[in-house]
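Input: a single structure, listed below in structure tokens.
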Amino acid sequence: MMIVSDKKEILPKKQVMNKFLLLCLLLVSYFLYLSYQYDVMTGGVASLLTWTFFVLCTPIADAGFLLDFPLRLIFGIRMLISELVVWALAIFINVVSLIYFSEYYETTELTRLLHAILIMPYPYWSLILLSGLGTFLSIRFADELMDVVHHRDRDFFLRHGYKHEIIIIMFFILIFIGYYKLIGSLGIDINL
């Protein structure tokens with residue numbers, strides 16, 4: 001019976017690793033496609049800029065989650081910590097690209113949109129701010145869920161019921177409303 005529980009514990013880690021590898025394959029394929037369309041340097045920079053768009057300009061932890069969740073499951077690193085590193089890296093990549101490689105923002109629709117957001121602080125940096133709030137709320141919520149699954153901090157949830165989650169969900173809704181209004185002001189049509 002002890003062996004079965006060990007297999008159950010290893011299986012989710014293996015599934016997470018497989019999904020992580022598939023996502024990495026997708027990212028590498030995108031890089032290869034852009035490298036084929038342009039050249040290796042352009043493909044590499046455009047791939048990184050596209051990744052930073054998903055980190056900085058979407059209100060959920062999607063591009064960062066590529067690293068956050070596997071690191072949490074495999075090494076126990078809290079997703080909040082790894083997401084802070086992801087954001088710092090995305091900001092660094094964009095600062096360097098704006099200074100030295102600004103022409104690479106013209107390669108794809110997403111990189112052109114990212115460039116427009118970055119060079120117009122008002123009102124579009126509020127899009128990054130809303131995305132950061134949404135991302136870090138979703139990461140905090142995911143970390144809490146992982147803690148509950150692993151029976152840590154269970155007392156907090158038993159004492160407070162779902163009040164905490166309801167507040168987070170309401171805040172999420174406000175973030176998404178603001179986010180979609182800002183995206184609409186950029187002339188992007190998002191049909192839900």
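As the structure is a computational prediction, the values presented were derived from the model and not from experiment.
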Given side chain to side chain donor-acceptor pair (under 3.5 Å), test T50 with Y30 step by step and report yes or no. CA-CA 10 Å; T50 302; Y30 183 67; 3.2 Å; yes
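In this structure, SG on C57 lies 6.5 Å from CG on L118, to the nearest 0.5 angstrom. Put simply, CG on N94 and OH on Y105 are 3.5 Å apart, with the number rounded to the nearest 0.5 Å. The CD1 atom of I117 lies 4.0 Å from the CG atom of L113; values are rounded to the nearest 0.5 Å. With rounding to the nearest 0.5 angstrom, the NE2 atom of H115 is 10.0 Å from the OG atom of S97. From S82, atom OG reaches atom CG of L89 across 12.0 Å, with rounding to the nearest 0.5 Å. Here the CZ atom belonging to F101 is positioned 4.0 Å from the CE atom belonging to M41, to the nearest 0.5 angstrom.
Closest of all the heavy-atom pairs between S35 and G44 is OG-N, 4.4 Å.
No donor-acceptor pair under 3.5 Å is formed between the side chain of W87 and the backbone N or O of L56. Using modelled atom types, one side-chain atom of T52 and one backbone atom of L49 make a donor-acceptor pair closer than 3.5 Å.
Linking Ile, Leu, Val, Met, Phe, Trp and Tyr whenever their side-chain heavy atoms come within less than 4.5 Å puts V95 and Y124 in one cluster.
Only one option out of T111, L48, L110 pairs with F53 in a side chain to side chain contact (heavy atoms under 4.5 Å, CB included); it is L110. Partner of L34 under the side chain to side chain contact (heavy atoms under 4.5 Å, CB included) criterion, chosen from T42, V40, T108: T108.
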